[in-house]
Protein chains: 2
Amino acid sequence: MVTLRDVANKCGVSISTVSRTLSNPKSVREDKRIKVLQTVNELNYQTNDIAKSLRKGKTNTIALIIPNIILPVFPVVTTGVQAFAKEHGFTVILSNTDDDAEQQKEIIEKLRKRMVDGFIIIPAENSGTHLKQLKKQNVPIVQVLRRMDPSIDAVIVDNFKGGYNATQYLIDKGHKEIALLNGAKMYFYKGRFEGYLQALKDNNLLINNPLIKHDANGVDGGYHKMQQLLREGYHFTAVFATSDLCAIGAIKAITQAGLRVPEDISILGFDNLDIGSMFIPGLTTIAHPALEMGYSASQRLIKIIQEGRILEPETIVMKTKILERETVANKI
Amino acid sequence: MVTLRDVANKCGVSISTVSRTLSNPKSVREDKRIKVLQTVNELNYQTNDIAKSLRKGKTNTIALIIPNIILPVFPVVTTGVQAFAKEHGFTVILSNTDDDAEQQKEIIEKLRKRMVDGFIIIPAENSGTHLKQLKKQNVPIVQVLRRMDPSIDAVIVDNFKGGYNATQYLIDKGHKEIALLNGAKMYFYKGRFEGYLQALKDNNLLINNPLIKHDANGVDGGYHKMQQLLREGYHFTAVFATSDLCAIGAIKAITQAGLRVPEDISILGFDNLDIGSMFIPGLTTIAHPALEMGYSASQRLIKIIQEGRILEPETIVMKTKILERETVANKI
DNA sequence: CTGAAAGCGCTAACAC
DNA sequence: GTGTTAGCGCTTTCAG
């Protein structure tokens with residue numbers, strides 16, 4: 001490995017002159033500067049960022065902690081995070097927790113030892129207390145997608161409003177009996193569910209419990225809960241699925257039962273995953289600005305790191321919007 | 001930040017004693033060991049891995065370089081890589097190149113400065129020469145999914161055989177006119193294409209050029225090329241799409257044209273992405289062991305790193321297999 | 001402008 | 001067993 005010393009020796013100058021040439025060229029006399037730069041090229045000198053990090057006390061690295069990398073929302077958030085980080089010279093280390101608080105804790109500790117400058121995290125369920133500890137130690141940290149601890153910066157979406165608007169949209173299309181397929185009892189599903197309830201109430205529609213199914217997680221969950229709904233035989237003309245994956249499972253169950261989407265049953269998803277547009281019919285959904293959320297979280301974190309002090313925690317709430325495709329029929 | 005020195009001072013021992021207690025406890029007398037360990041806890045001392053890396057000359061970090069993180073194959077490979085790395089105490093840094101050789105080069109240089117111990121790479125197209133340079137500098141590196149340089153370790157799949165078996169499978173089901181929807185002119189698509197040609201030849205079937213469409217990339221590519229095929233009106237009963245995404249686009253075009261899969265046209269994909277199983281009908285496909293490939297690449301790289309010397313380059317070729325679902329009809 | 005020197009936090013000889 | 005010491009490669013005072 002070529003070091004500053006090697007360059008210095010070869011040029012007959014001191015290490016500090018080489019260092020200066022690289023970090024602040026104007027502070028070095030021209031003839032030396034040229035010679036140094038030339039030697040740097042000749043020897044193909046590359047900075048050792050580990051040494052630099054040790055010396056400077058910062059690594060220009062941020063950690064992005066996500067539940068897993070297979071579920072399609074997370075790579076989108078990741079892309080957003082990386083985009084901003086890259087523009088500002090930060091490297092991002094990605095790790096996944098399998099949505100397990102214990103693993104999350106281990107990962108965070110490991111990365112702290114590696115001296116990452118800050119964390120962006122999609123917190124595992126029930127990992128609130130551990131996050132609070134980090135915050136106490138003044139570790140820069142931003143939550144994204146899920147806000148487990150309101151006293152820590154966060155970039156989220158108004159799930160309640162999203163659920164409310166989704167339901168209102170179905171109602172506006174003339175649907176009166178709207179089933180709900182909700183994900184596991186998690187932070188954001190809860191908000192979407194409550195939005196659904198409120199919209200029904202505000203429109204003086206009956207809340208029909210048999211039409212509400214929880215724990216419809218992912219494609220499989222949506223599929224099975226939809227089958228159950230169909231088997232039970234209560235009447236409904238539309239389904240609000242609180243995730244796109246769930247919606248896709250529901251469509252599968254409906255199609256297999258010999259019914260048509262949207263002619264017999266309308267489906268509305270949530271998330272706007274890429275795959276929603278790959279289906280026939282294209283999935284109508286509530287678009288979640290996952291890319292922007294990642295970008296924005298990255299922006300916020302890097303700001304905190306660069307200010308070098310604790311800022312007043314801030315929650316950025318992004319807007320959802322309805323993306324109309326072909327799975328919702330107009331009943332009016 | 002709490003350092004070894006802080007612990008040492010508080011215990012009244014030397015820094016080295018604390019260091020030893022942590023790395024090789026038996027080499028320290030019991031009373032001191034206990035006291036040190038207790039103080040470590042009390043002060044919540046955490047190793048500074050940056051300092052350790054600088055001193056030891058290795059970071060226990062590997063870089064995984066992929067074209068992008070949104071396309072569903074890559075997260076699967078990533079999961080495999082992380083699994084093995086984690087078991088062996090390595091952290092993985094993930095970066096994407098957008099399949100651009102220039103970006104790839106930049107990223108690699110940046111990560112080398114960070115002193116990663118090695119690279120696993122899904123090389124961008126035409127990035128062969130740069131890889132060779134790395135190899136020359138004795139940087140541990142393993143290619144996965146794509147082998148741009150045969151002189152560097154690689155974990156790949158026999159794409160030729162995969163394409164051959166795919167086509168043979170359709171022939172065995174009684175199909176004689178088999179269209180091909182091939183991805184961009186990339187390394188692995190080429191192999192799949194050649195396998196297709198060879199299988200037709202070996203079965204004395206006509207190679208009908210109008211039925212062969214290249215550049216059918218991703219869902220959109222598959223969709224448009226399929227539309228074109230349908231418009232042109234040549235007869236065929238089956239389509240071999242060289243990627244699942246392409247197959248999904250093709251199904252969309254077929255369905256929109258009022259035809260049925262598989263009754264009117266059979267479809268066979270390649271990759272076995274999760275989303276293939278979400279559709280109705282479920283996509284029959286050539287399963288690509290992406291998870292295992294990632295795992296195996298990680299294993300190989302870490303072996304190279306730990307041996308600390310250059311091993312004879314080795315190419316591990318994994319097997320594909322046919323995953324029968326519902327998009328291929330039996331014509332016999 | 002430039003060089004010498006201290007030191008980031010750690011490990012690993014080397015003496016005792 | 002244990003402490004002292006010399007660095008890993010870099011940046012950054014501090015003198016000159």
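Residue numbers start from 1 in every chain, and the chains themselves are labelled A, B, ... in the order their sequence lines are given, proteins ahead of strands. From a predicted model like this one, the values you see are computed outputs, not experimental measurements.
- No donor-acceptor contact under 3.5 Å links the side chain of B:Arg33 to the base of D:dG1.
- Across the protein-nucleic acid pair, A:Ile50 atom CD1 and C:dG7 atom P stand 23 Å apart, rounded to whole Å.
- A straight line from CZ of B:Arg20 to P of D:dG3 spans 8 Å, rounded to a whole angstrom.
- Considering every non-hydrogen atom in both A:Val73 and A:Ala290, the closest pair reads CG1-CB, 4.3 Å.
- Looking at the side chain of A:Leu4, the nearest of the listed nucleotides D:dT11, D:dT4, C:dC10 is D:dT11.
- Inter-residue side-chain proximity for A:Phe90 and A:Ile305 is flagged as met; some heavy-atom pair is nearer than 4.5 Å.
- Looking at B:Val77, B:Val157, B:Leu273, B:Val76 one by one, the single match for side-chain contact (heavy atoms from CB on, under 4.5 Å) with B:His288 turns out to be B:Val157.
- A sub-4.0 Å separation between OP1 or OP2 of C:dG9 and a side-chain N or O of B:Arg5 is absent.
- In the interface, the side chain of B:Ser19 is not paired with the base of C:dA12 through any donor and acceptor atom under 3.5 Å apart.
- Rounded to an integer number of Å, the gap from A:Lys35 NZ to C:dC1 C1' is 16 Å.
- Minimum atom distance to the side chain of A:Leu54 is reached by C:dC8, of the listed D:dT2, C:dC8, D:dC10.
- Taking a cutoff of 4.0 Å between a charged side-chain nitrogen and a carboxylate oxygen, B:Asp117 and B:Lys58 do not qualify as a salt bridge.
- Among the nucleotides D:dT2, D:dT11, C:dT2, the one closest to the side chain of A:Lys52 is D:dT11.
- Of all nucleotides listed (C:dT2, D:dG9, C:dG3), C:dT2 comes nearest to the side chain of A:Val28.
- The base of C:dT2 is not paired with the side chain of A:Ser27 by any donor and acceptor separated by under 3.5 Å.
- When the C1' atom of D:dC10 is taken as reference, atom CG of A:Asn9 falls 15 Å away, rounded to whole Å.
- Atom CZ of B:Arg112 and atom P of D:dG9 are 14 Å apart (whole Å).
- Here C:dG9 presents its C1' atom at 7 Å from CE of B:Met1, a figure rounded to the nearest Å.
- The side chain of B:Arg55 sits closest to C:dC10 out of C:dC10, D:dT11, D:dG9.
- No side-chain heavy atom of A:Val92 sits less than 4.5 Å from a side-chain heavy atom of A:Thr61.
- Look at B:Lys56 and you won't find any side-chain N or O under 4.0 angstrom from OP1 or OP2 of C:dC10.
- For B:Thr17, a side-chain nitrogen or oxygen approaches OP1 or OP2 of D:dG3 to under 4.0 Å.
- Taking atom CD of A:Gln46 as the reference point, atom P of D:dC8 lies 20 Å away to the nearest angstrom.
- Under the side-chain contact (heavy atoms from CB on, under 4.5 Å) test applied with B:Pro140, the options B:Asp153, B:Ile310, B:Ile304, B:Val116 reduce to a single match, B:Ile304.
- Closest to the side chain of B:Ser16, from the set C:dA12, C:dA4, C:dC10, is C:dA12.
- Heavy atoms of B:Ile15 sit under 4.0 angstrom from at least one base atom.
- In this structure, B:Ser14 reaches the D:dG3 phosphate: one of its side-chain N or O atoms is under 4.0 Å from OP1 or OP2.
- One atom, CG of B:Leu22, and another, P of D:dG1, lie 18 Å apart when rounded to the nearest Å.
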